[in-house]
Amino acid sequence: QVQLIETGGGLVQPGGSLRLSCAASGRSTGRFVMAWFRQAPGKEREFVAAIRWSGGTQFYADSVKGRFTISGDNAKSVMDMQMNSLKSEDTAVYYCAAGYGTINSAVRIPSQYDYWGQGTQVTVSS
């Protein structure tokens, strides 16, 4: 079992920055893919970014590429996401997810993840 706790959400103006963190505890996540998804009101959960602990390969949604950067410390079981140049359309609840055995072609699919955090709200508004 893996427990995931997100921190770092909040209210920010358009163009601003936020940094989200996800701390994992419980089972070792060394062979996991760790990811961020988000869900806005009335919309489906969508992929944002992911990182494979083994090798450090990163994946991004086109909508955040160049603005968001995912990173992680496998030894500390902590994953971060730096979000810059935030837009109103980035407003959503952001969820941390961990998937064991998730293959690269499936990292964008929510059902491929085994564990989820409780979510943290990010609001981009003036």
Side-chain angles (χ1 to χ4, degrees):
Q1 195 75 5
V2 175
Q3 293 78 43
L4 303 173
I5 298 179
E6 306 100 333
T7 56
L11 173 65
V12 64
Q13 293 186 345
S17 299
L18 279 176
R19 188 175 185 88
L20 303 183
S21 291
C22 174
S25 61
R27 177 183 179 184
S28 172
T29 58
R31 297 181 63 182
F32 278 60
V33 171
M34 302 291 293
W36 291 99
F37 286 79
R38 66 187 181 187
Q39 189 165 18
K43 295 187 177 181
E44 294 187 352
R45 191 166 297 191
E46 67 170 354
F47 171 78
V48 179
I51 185 168
R52 180 175 294 283
W53 280 142
S54 176
T57 304
Q58 300 173 8
F59 308 84
Y60 294 95
D62 288 343
S63 60
V64 306
K65 201 172 294 184
R67 299 189 298 123
F68 292 9
T69 302
I70 194 171
S71 61
D73 186 332
N74 189 13
K76 297 181 180 179
S77 295
V78 174
M79 174 181 65
D80 296 320
M81 184 165 70
Q82 178 67 37
M83 305 186 295
N84 298 328
S85 303
L86 283 161
K87 305 175 182 180
S88 58
E89 50 263 45
D90 295 317
T91 295
V93 177
Y94 283 70
Y95 297 90
C96 173
Y100 183 78
T102 304
I103 61 176
N104 287 355
S105 61
V107 298
R108 293 169 174 78
I109 304 172
S111 63
Q112 296 298 305
Y113 290 82
D114 305 291
Y115 304 101
W116 292 85
Q118 80 288 352
T120 185
Q121 177 70 46
V122 172
T123 302
V124 184
S125 174
S126 56

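Remember, it's a predicted structure, so these values are computed and weren't measured experimentally.
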Contact summary for [X] and [Y], nearest pair of heavy atoms:
X     : Y      : value
Pro14 : Ser126 : CD-N, 3.7 Å
Arg19 : Ser71  : NH2-OG, 3.8 Å
Ala49 : Met81  : CB-SD, 4.1 Å

Kindly compute the distance separating [atom1] ([X]) from [atom2] ([Y]), expressed to the nearest 0.5 Å.
X      : Y      : atom1 : atom2 : answer
Thr123 : Leu86  : OG1   : CG    : 11.0 Å
Leu4   : Phe32  : CG    : CZ    : 8.5 Å
Met34  : Tyr113 : CE    : OH    : 9.5 Å
Asp114 : Thr102 : CG    : OG1   : 6.0 Å
Thr7   : Leu20  : OG1   : CG    : 8.0 Å

- [ ] Give the intermediate values and the outcome of side chain to side chain contact (heavy atoms under 4.5 Å, CB included) for residues Cys96 and Trp36.
- [x] CA-CA 5 Å; Cys96 173; Trp36 291 99; 4.1 Å; yes

Open item on the list: Can you confirm if the aromatic rings of Phe47 and Phe59 lie within a centre distance of less than 6.0 Å?
Closed with: no

Open item on the list: A quick test of your reading: do over 12 heavy atoms of other residues, nucleotides or ligands sit less than 6.0 Å from CD of Glu89?
Closed with: yes

Check whether any side-chain heavy atom of [X] lies under 4.5 Å from a side-chain heavy atom of [Y], and answer yes or no.
X     : Y     : result
Met79 : Ile70 : yes
Asp90 : Met83 : no
Thr91 : Arg38 : no
Val12 : Ser17 : no

TODO: Decide whether Gln82 and Asn84 meet the rule of one side-chain donor and one side-chain acceptor closer than 3.5 Å.
DONE: yes

Open item on the list: Parallel, tilted or perpendicular: which one describes the rings of Tyr94 and Phe68, with boundaries at 30° and 60°?
Closed with: tilted

Open item on the list: Checking the side chain of Asn74 only, and the main-chain atoms of Trp53 only, is there a donor and an acceptor separated by less than 3.5 Å?
Closed with: no

Open item on the list: Quick one: does any side-chain atom of Glu6 pair with a main-chain N or O of Gln118 as donor and acceptor, under 3.5 Å?
Closed with: yes

Would you mind writing out the side-chain donor-acceptor pairs for residues 103-112 within the sub-3.5 Å range, not counting sequence neighbours?
unit_1, atom_1, unit_2, atom_2, d
Asn104, OD1, Arg52, NE, 2.9
Asn104, OD1, Arg52, NH2, 2.7
Arg108, NH2, Tyr60, O, 3.3

